[in-house]
S.K.: 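Once you've had a glance at the structure underneath, I'll fire off some questions.
In this chain, numbering begins with 1 at the start of the sequence shown.
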Amino acid sequence: MNSVAFFDRLSEEWDDIFSRGDINVLERGLELVNWNSFTRVLEVGCATGIETDFILKRLKPDAQLFAIDVSAKMVGRAIERIQDARFTVNIKNFFDVEGIFDLILMINVLPHLGEMEDVFTKSSKLLDKRGEILILHNSSREHINSVHSRKEEVRDHVLLPVEIVQETAKNQGFSILHTKDDEEGYILHLQQFTQRIF
């Protein structure tokens, strides 16, 4: 079974898995963002849309939320769940996304995206000046890696320590706004530099 088929199968269980994490970590992480500043938001790995509900509560009325996921079954469940004109969703890999956004959200998805340098290079191309990324997991890194290690399809999908990830992000032109990596959860809040030196 490849990883897409794995996530298709997981779509039936995802809401329960998500709810076992610390919802307060998710809420506090989302509060780091100044939602009034953003009108074009990309949600990477929206899964069944359960995290999307928390985002839409904060999104301003004239903003748009563009969500993607590689799993058709996850996307199908998100479409069933979300009835909001600001929300659109597509079955798509992150590296195939086109457009310009002012905020990228990666909630419970980072280790599934691939090499960190590639993730931040792609993010940089998608973000407007001073655009931000919020990476958030509402379970601890140790717990996530323990779960992944027991599943053949995602065994090599390792969530790296936040210090390593933030250094990769800095090397790709991001400044660090906030970090968390403890027994509650994992957060990395980044902002793209307005000017780059080439």
S.K.: Any non-hydrogen side-chain atom of Glu51 less than 4.5 Å from a side-chain atom of Asn138?
M.R.: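 Side-chain contact under 4.5 Å: no.
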S.K.: So, using side-chain contact (heavy atoms from CB on, under 4.5 Å) as the criterion, who are the partners of Asn34 when residues are at least two apart?
M.R.: Asn36, Ser37
S.K.: How long is the span from the CG atom in Asp102 to the CG atom in Leu127, to the nearest 0.5 Å?
M.R.: 8.0 Å
S.K.: Output side-chain donor-acceptor pairs under 3.5 Å for residues 161-170, partner residues at least two apart or in another chain, one line each.
M.R.:
residue, atom, partner, partner atom, Å
Glu167, OE2, Lys170, NZ, 3.2
Thr168, OG1, Ile164, O, 3.2

S.K.: What residues form a side chain to side chain donor-acceptor pair (under 3.5 Å) with Ser146, not counting sequence neighbours?
M.R.: Arg150
S.K.: Give a yes or no on whether Ile91 and Ile79 share a hydrophobic cluster (residues Ile, Leu, Val, Met, Phe, Trp, Tyr; joining criterion: side-chain heavy atoms under 4.5 Å apart).
M.R.: yes
S.K.: Taking the side chain as every heavy atom from C-beta outward, state whether Gln192 and Lys129 have any pair of such atoms under 4.5 Å apart.
M.R.: no
S.K.: Report the C-alpha distance between Ile50 and Arg77 in whole Å, list the side-chain angles of each, state the deciding distance to 0.1 Å, and finish with yes or no for side chain to side chain contact (heavy atoms under 4.5 Å, CB included).
M.R.: CA-CA 9 Å; Ile50 192 168; Arg77 294 200 63 197; over 6 Å; no
S.K.: State which residue, out of Leu136, Leu177, Ile176, fulfils the side-chain contact (heavy atoms from CB on, under 4.5 Å) condition with Leu188.
M.R.: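 Output: one option passes, namely Ile176.
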S.K.: Could you tell me if the side chain of Ile82 sits less than 4.5 Å from the side chain of Asp53, heavy atoms only?
M.R.: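 Answer yes - side chains close enough.
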S.K.: Of all the heavy-atom pairs spanning Lys180 and Glu184, show the shortest one and how long it is.
M.R.: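 That closest heavy-atom pairing would be NZ-OE1, 2.7 Å.
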S.K.: With side chains defined as the heavy atoms from C-beta onward, is the minimum distance between Ile107 and Leu30 less than 4.5 Å?
M.R.: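 Contact flag for Ile107/Leu30 side chains = yes.
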S.K.: Write down the atom of Arg86, the atom of Gln64, and the distance for their closest heavy-atom approach.
M.R.: O-OE1, 3.3 Å
S.K.: When you check the gap from the basic side-chain N to the acidic O, do Glu98 and Lys92 get nearer than 4.0 Å?
M.R.: no
S.K.: To the nearest 0.5 Å, what is the distance between CG on Leu42 and CZ on Phe66?
M.R.: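 Output value for this atom pair is 9.0 Å.
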S.K.: Check the pair Val119, Met106 against side chain to side chain contact (heavy atoms under 4.5 Å, CB included), reporting the backbone distance first and the verdict last.
M.R.: CA-CA 11 Å; Val119 169; Met106 300 177 180; 3.8 Å; yes
S.K.: Would a distance-only check, ignoring hydrogens and angles, find a side-chain to backbone donor-acceptor pair under 3.5 Å from Asp69 to Ala72?
M.R.: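 Here the side-chain-to-backbone pair does not exist.
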S.K.: Can you find a pair of side-chain heavy atoms, one from Trp35 and one from Leu103, that are under 4.5 Å apart?
M.R.: yes
S.K.: Look at the side-chain heavy atoms of Ile, Leu, Val, Met, Phe, Trp and Tyr, link any pair under 4.5 Å apart, and say whether Ile133 and Phe95 land in one connected group.
M.R.: yes
S.K.: Please check if Ile100 and Leu65 belong to a single hydrophobic cluster, counting links between Ile, Leu, Val, Met, Phe, Trp and Tyr side chain heavy atoms closer than 4.5 Å.
M.R.: no
S.K.: Is it the case that Glu183 and Ser140 place a side-chain donor and acceptor less than 3.5 Å from each other?
M.R.: no
S.K.: What is the distance from atom CZ of Phe101 to atom CD of Glu43, rounded to the nearest 0.5 Å?
M.R.: 12.0 Å
S.K.: Roughly how far, to the nearest 0.5 Å, is CZ of Arg141 from CG of Asp181?
M.R.: 4.0 Å
S.K.: Looking only at heavy atoms, what is the nearest atom pair of Ile68 and Phe94, with distance?
M.R.: CD1-CA, 3.6 Å
S.K.: Flag yes if more than 12 heavy atoms outside Glu31 fall under 6.0 Å of its CD atom; otherwise flag no.
M.R.: yes
S.K.: For a side-chain contact (heavy atoms from CB on, under 4.5 Å) with Thr48, tell me which candidate from Lys73, Glu13, Arg81 qualifies.
M.R.: Arg81
S.K.: So which atom in Cys46 and which in Ala78 form the shortest heavy-atom distance, rounded to 0.1 Å?
M.R.: SG-CB, 4.4 Å
S.K.: Does the side chain to side chain contact (heavy atoms under 4.5 Å, CB included) test come out yes or no for Leu190 and Phe120, once each step is laid out?
M.R.: CA-CA 10 Å; Leu190 308 166; Phe120 292 120; 3.5 Å; yes
S.K.: Hey, any chance Ile23 and Val147 share a hydrophobic cluster, counting ILVMFWY side chains that come within less than 4.5 Å of each other, even indirectly?
M.R.: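 Ile23 does not cluster with Val147.
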S.K.: Closest approach of Tyr186 and Leu160, non-hydrogen atoms and distance?
M.R.: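 Smallest heavy-atom distance, with atoms named: OH-O, 2.8 Å.
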S.K.: Using the ring of each side chain (for Trp, its six-membered ring), is His148 parallel, tilted or perpendicular to His157, with breaks at 30° and 60°?
M.R.: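 Ring orientation of His148 relative to His157: perpendicular.
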S.K.: Shared ILVMFWY cluster between Val44 and Val158, side chains joined below 4.5 angstrom?
M.R.: yes
S.K.: Any heavy-atom pair between the side chains of Leu134 and Ile187 that's under 4.5 Å?
M.R.: yes
S.K.: Enter the distance from His137:NE2 to Ile144:CD1 here, rounded to the nearest 0.5 Å.
M.R.: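 Answer for the NE2-CD1 pair, His137 versus Ile144, is 5.0 Å.
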S.K.: Which pair of heavy atoms, one from Ala67 and one from Phe87, lies closest together, and at what distance?
M.R.: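 That closest heavy-atom pairing would be CB-CE1, 3.5 Å.
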S.K.: Measuring from Ile55:CD1 to Asp84:CG, what's the distance to the nearest 0.5 Å?
M.R.: 11.5 Å
S.K.: When you measure from the side chain of Gln191 to the backbone N and O of Arg130, does any donor-acceptor pair fall under 3.5 Å?
M.R.: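 A pair under 3.5 Å: yes.
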S.K.: Charged N to carboxylate O under 4.0 angstrom, Arg58 versus Glu27?
M.R.: yes
